[in-house]
Asker: 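A single structure is presented below for examination.
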Amino acid sequence: MASMTNQEIKQEQQEEDYGVLLYYKYATIPDLEALFNFYDSNCKSLSLLGRVRLSHNGVNVTVGGKLSSLKEHIAAVKLNCLFEGTDFKLASCHEPSNDRVAVECGFTSLSIRIVKELVTLSSCPLPSSPPDISNAGKHLSAAEFHSVLHNVGNSPDKLIPSSDKGTVLIDARNLYETRIGKFYTPNVETLDPEIRQYSDLPSWIDNNSEKLRGNNILMYCTGGIRCEMASAYIRSKGAGFENVFQLYGGIQRYLEQFPDGGFFRGKNFVFDHRVSVGSSDSRILGTCLLCSSPFDDYSSRTRCTYCRMLVLVCDNCREKDSSYVCELCQKNSQCIQPTSGTEFDNSVEISEVRELEAVSTSDRIAPSPLVSGPRTLRKLRILCLHGFRQNASGFKGRTASLAKKLKSIAELVFVDAPHELSFIYQIRRNCDSASEMENNRPPSESCSKKFSWLVAPDHKGENDSDWKIADSPFDPLQYQKQTEGFDKSIAYLKDLYSKTGPFDGILGFSQGAAMAALVCLHQQKLKREMEFRFAILCSGFAVNMNNCQQGSINVPSLHIFGNDKGKDRQIENQASRHLASVFENGCSVVIEHDFGHIIPTRPPYIDQIKEFLKRFM
């Protein structure tokens, strides 16, 4: 064997001297600015590159540099008592080059940012307050975790309580991570949520709560931080969800303890320039998306054209400028709005690249695995609810300008409300005799039927087509008296949704907005029957929501109404403001305009509406 040159020896030594450091810590940070300044000064002085995320409840750090510099950084951090008990995961590796992977993973620069959450458990606010991190699952060391997996079905284990139902194992990672490596244990059911991104996990937990209830629940992820919040969320569900355990230090610590892989098969996906880390077991778990041959290398950063999730495409199948559709998009038979570029999520461990959330669709044509040429892109589908004494046809006509300006991104679907109303008319002041009154009676055959979502308590359910004289002059506050009929309307919408859904969002105008708000209020009860990702409430007001506290409805919402100097004589400005206030402030947008009882479509209002909708594409 030829001897190495001095340059080769030097290069090998440099590669051996480089490393990656990962750690997180949940703790109350009393002075964020001071901590920010510490990281900025320390990391720059030690020439560390990577990502530092700070919040009021802790830190999440992934940095790379010379091993000696990383050790100095650890020593400096340990001087702060806030970091007592922190698990510093330090691994040696090759130094990243300035290539696509390093750039995408944020390892060519130093990024220090203050964020709201260290990990974003949900892209929308949860139905209840965020879980208390102090209620997270019990930590099991790598050796303890291995022991529990080994003893399930064989002998009792003192580390976990006995359970009549048994033990389940949840992989809290994204689908593309689990495709190249996961735990396999003969006597333990492993549940793979198959999610695109971590913020989809709560919905999966909600939908599978009965499968989890009563079991001993084991969880794992890459380094541990995702299990902290996810286990707390499971335990927050109360009785039947108390016994939750998590792999402390994640897969990374487990593979250090069990170099042969133990119960873990394949490779551990990591969010830095290394891409993945394996054990001494060289078997390949992943397969090519197109030819199904063994393949587990994400270095090419090939992504789904629609949702931007990483996909495995082997060297033989990968072609320049080709488009690919991930298995989730194929499985759900969805044509999803393509996204471009790469955004980084501030809430993930080891610089997780943000996988942009895909929207749901009612399209039934599944795309082929390899797509080329022009594609038909799906728009957001929005269910539109008209106002009191209106109908779908009339509302569609009144919103024609809105539909036209949103035609490239949204499809508006209009429906009649279930409560049919009688025709009414006001008597002219100069009509004295009965014959004059009869002559001024409008012809019913020239009018379309009118409907409502909510009715007055004295509504008799009449639906004859004859005209009736109004009981009293027009009352601009009549909407406050229409409080009945919700049960019939919600049953009607459920049936409509099952036949013509799904829909991405719901839009309501005036009383339609009041009904849409009630749908949002009951979103948890309506899960699986009728779900909307957002609501647009125009000239809205609250009905039967007296017990709603400020910010209690956690549905992304857009509120459009006239300001206090506007010309909306139908719905008071304060009524619309109050409705907006019961929606969670962090995911609601308010647009006030100077016009009347309308949905404005001129700039800048239409631009704000579009901006809101683009959040869901």
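Hydrogens, waters and symmetry mates play no part in the numbers below; they use all other heavy atoms, side chains included.
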Asker: Just by distance, no angles: are the side chains of Ser111 and Arg53 close enough, under 3.5 Å, to form a donor-acceptor pair?
Answerer: yes

Asker: Has the side chain of Glu144 got a donor or acceptor atom that lies under 3.5 Å from a matching backbone atom of Ser141?
Answerer: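 Between the backbone of Ser141 and the side chain of Glu144 there is a qualifying donor-acceptor contact (under 3.5 Å).
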
Asker: Between His139 and Glu228, do the side chains contain an N or O donor and an N or O acceptor separated by less than 3.5 Å?
Answerer: yes

Asker: Below 4.5 Å, heavy atoms only, C-beta onward: do Asn243 and Ile160 meet side chain to side chain?
Answerer: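 The answer is no, as the side chains (C-beta and beyond) never meet within the 4.5 Å cut-off.
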
Asker: Using side chain to side chain contact (heavy atoms under 4.5 Å, CB included), reason through Thr222 and Asn268 one step at a time and then give a plain yes or no.
Answerer: CA-CA 7 Å; Thr222 306; Asn268 180 28; 3.9 Å; yes

Asker: Provide the closest heavy-atom pair for Val188 versus Thr167 in the form atom of the first, atom of the second, distance.
Answerer: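 Smallest interatomic distance, heavy atoms only, reads CG1-O, 3.8 Å.
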
Asker: Is it the case that atom CD in Glu611 sees more than 12 heavy atoms from other parts of the structure closer than 6.0 Å?
Answerer: no

Asker: Suppose we screen for side-chain contact (heavy atoms from CB on, under 4.5 Å). Which residues come up paired with Phe88, at least two apart in sequence or across chains?
Answerer: Leu21, Tyr23, Ile74, Val77, Lys78, Thr86

Asker: What heavy-atom pair brings Leu380 and Asp504 nearest, and what distance separates the two atoms?
Answerer: CA-OD2, 3.3 Å

Asker: Apply the test ring pair (Phe, Tyr, Trp, His ring centres under 6.0 Å) to residues Phe145 and Phe183: give CA-CA distance (whole Å), side-chain angles for both, the deciding distance (0.1 Å), then the verdict.
Answerer: CA-CA 11 Å; Phe145 194 81; Phe183 277 92; 5.5 Å; yes

Asker: Give a yes or no on whether His522 atom NE2 has more than 12 heavy-atom contacts from other residues, nucleotides or ligands under 6.0 Å away.
Answerer: yes

Asker: For residues Arg196 and Cys329, determine if any side-chain heavy atom of one lies less than 4.5 Å from a side-chain heavy atom of the other.
Answerer: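 SC-SC contact between Arg196 and Cys329 confirmed.
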
Asker: Which label fits Tyr176 and Phe269: parallel for a plane angle under 30°, tilted from 30 to 60°, or perpendicular past 60°?
Answerer: perpendicular

Asker: Would you check if there is a donor-acceptor pair between the side chains of Tyr248 and Asp87 at a distance under 3.5 Å?
Answerer: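 Checked: Asp87/Tyr248 side chains show no N/O donor-acceptor pair below 3.5 Å.
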
Asker: Of all the heavy-atom pairs spanning Leu70 and Gly64, show the shortest one and how long it is.
Answerer: CD2-C, 4.2 Å

Asker: Apply side chain to side chain donor-acceptor pair (under 3.5 Å) to residues Asn60 and Tyr26 and explain how you reach the verdict.
Answerer: CA-CA 9 Å; Asn60 185 14; Tyr26 277 104; over 6 Å; no

Asker: For the residue pair Arg51 and Val61, establish whether any side-chain heavy-atom pair is separated by less than 4.5 Å.
Answerer: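 A side-chain contact under 4.5 Å is absent here.
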
Asker: Classify the ring geometry of Tyr39 against His73: parallel below 30°, tilted from 30° to 60°, perpendicular beyond 60°.
Answerer: tilted

Asker: Looking at every heavy atom in both Ala580 and Val590, which two are closest together, and how far apart are they?
Answerer: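 Taking every non-hydrogen atom into account, CB-CG2, 4.1 Å.
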
Asker: Examine distances only and state if a side-chain atom of Lys25 and a backbone atom of Glu84 form a donor-acceptor pair shorter than 3.5 Å.
Answerer: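 Yes: the side chain of Lys25 pairs with the backbone of Glu84.
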
Asker: Is any side-chain heavy atom of Ile112 less than 4.5 Å from a side-chain heavy atom of Leu54?
Answerer: yes

Asker: Is it true that the side chains of Ser41 and Asn37 contain a donor and an acceptor less than 3.5 Å apart?
Answerer: no

Asker: So, taking the atom named CZ in Phe245 and the one named CD1 in Ile170, what distance separates them when rounded to the nearest 0.5 Å?
Answerer: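 Reported to 0.5 Å precision, the distance equals 12.5 Å.
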
Asker: Checking salt bridge (Lys or Arg N to Asp or Glu O under 4.0 Å) between Glu177 and each of Lys267, Lys182, Arg226, which is the one that passes?
Answerer: Arg226

Asker: Evaluate the criterion side chain to side chain contact (heavy atoms under 4.5 Å, CB included) for residue pair Val589 and His559; output intermediate values, then yes/no.
Answerer: CA-CA 6 Å; Val589 177; His559 303 265; over 6 Å; no

Asker: Would Leu285 and Asp296 count as a side chain to side chain contact (heavy atoms under 4.5 Å, CB included) if you check the C-alpha gap in whole Å, the side-chain angles of each, and the deciding distance to 0.1 Å?
Answerer: CA-CA 7 Å; Leu285 188 67; Asp296 62 4; over 6 Å; no

Asker: For the CD atom of Glu72 and the NZ atom of Lys66, what is their distance to the nearest 0.5 Å?
Answerer: 13.5 Å

Asker: What do you reckon, is CD of Gln257 surrounded by more than 12 foreign heavy atoms closer than 6.0 Å?
Answerer: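 Correct, the count exceeds 12.
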
Asker: Once rounded to the nearest 0.5 Å, what's the spacing between atom CZ of Arg173 and atom SG of Cys221?
Answerer: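 Rounded to the nearest 0.5 Å, the CZ-SG separation comes out at 8.5 Å.
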
Asker: Can you see which heavy atom on Ala230 is nearest to which on Ile205, and at what distance?
Answerer: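 In terms of heavy atoms, the two residues are closest at O-CD1, 4.3 Å.
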
Asker: Show your reasoning for whether side chain to side chain contact (heavy atoms under 4.5 Å, CB included) applies to Phe258 and Ser279.
Answerer: CA-CA 8 Å; Phe258 301 93; Ser279 65; over 6 Å; no

Asker: Could you walk me through whether Ser576 and His578 pass the side chain to side chain donor-acceptor pair (under 3.5 Å) test, one step at a time?
Answerer: CA-CA 5 Å; Ser576 295; His578 171 67; over 6 Å; no

Asker: Side chain of Arg265, backbone of Gly262: donor and acceptor closer than 3.5 Å?
Answerer: yes

Asker: Report yes if the side chains of Val275 and Arg301 come closer than 4.5 Å at any heavy-atom pair, otherwise no.
Answerer: yes

Asker: Kindly assign one of parallel, tilted or perpendicular to the pair His150 and Phe263, based on the angle between their ring planes and the thresholds 30° and 60°.
Answerer: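 Rings of His150 and Phe263: tilted, 30 to 60°.
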
Asker: Output yes when a side-chain donor or acceptor of Asn151 lies under 3.5 Å from a complementary backbone atom of Ser147, and no otherwise.
Answerer: yes

Asker: How long is the gap from OG on Ser55 to CG on Leu118, to the nearest 0.5 Å?
Answerer: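 It is 3.5 Å, given to the nearest 0.5 Å.
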
Asker: Would you say the side chain of Leu521 lies within less than 4.5 Å of the side chain of Val582, judging by non-hydrogen atoms?
Answerer: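 The answer is no; the side chains never approach within 4.5 Å.
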
Asker: About how many Å separate CG of Leu82 and OG1 of Thr28, when rounded to the nearest 0.5 Å?
Answerer: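 Rounded to the nearest 0.5 Å, the OG1-CG separation comes out at 8.5 Å.
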
Asker: With salt bridge (Lys or Arg N to Asp or Glu O under 4.0 Å) as the criterion, how do Glu592 and Arg577 come out once you've worked through the C-alpha distance, each side chain's angles and the decisive distance to 0.1 Å?
Answerer: CA-CA 10 Å; Glu592 294 191 54; Arg577 279 181 173 274; 2.7 Å; yes

Asker: Could you tell me whether a side-chain N or O of Arg235 sits under 3.5 Å from a main-chain N or O of Asn135, the two making a donor and an acceptor?
Answerer: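 Confirmed, Arg235 side chain pairs with Asn135 backbone.
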
Asker: Nearest 0.5 Å please: distance from the CG atom of Asn208 over to the CD atom of Glu210.
Answerer: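 Reported value, rounded in 0.5 Å steps: 10.0 Å.
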
Asker: Give the minimum heavy-atom separation between Gly223 and Leu22, together with the two atoms involved.
Answerer: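 Taking Gly223 first and Leu22 second, the nearest heavy atoms are CA-CD2, 4.3 Å.
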
Asker: Counting only N and O atoms by type, is there a donor-acceptor contact under 3.5 Å from the side chain of Gln523 to the main-chain atoms of Phe532?
Answerer: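 Yes, because the side chain of Gln523 sits within donor-acceptor range (under 3.5 Å) of the backbone of Phe532.
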
Asker: Salt bridge (Lys or Arg N to Asp or Glu O under 4.0 Å), that's the test. Do Arg179 and Asp192 meet it? Break it down for me.
Answerer: CA-CA 10 Å; Arg179 284 298 176 261; Asp192 183 355; 3.4 Å; yes

Asker: What I want to check is whether the side chains of Gln246 and Ser231 have a donor and an acceptor closer together than 3.5 Å.
Answerer: yes

Asker: Report the residues that fulfil ring-ring contact (aromatic ring centres under 6.0 Å, His included) with Phe36, sequence neighbours left out, ordered by chain and then residue number.
Answerer: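 Residues passing ring-ring contact (aromatic ring centres under 6.0 Å, His included) with Phe36: none at all.
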
Asker: Do Leu191 and Leu169 touch side chain to side chain, with heavy atoms closer than 4.5 Å?
Answerer: no

Asker: Might you confirm whether atom NZ of Lys211 has over 12 heavy atoms from other residues, nucleotides or ligands at distances under 6.0 Å?
Answerer: no

Asker: Less than 4.5 Å apart, side chain to side chain, heavy atoms only: is that true for Asn57 and Ile29?
Answerer: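 No - every pair of side-chain heavy atoms lies 4.5 Å or more apart.
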
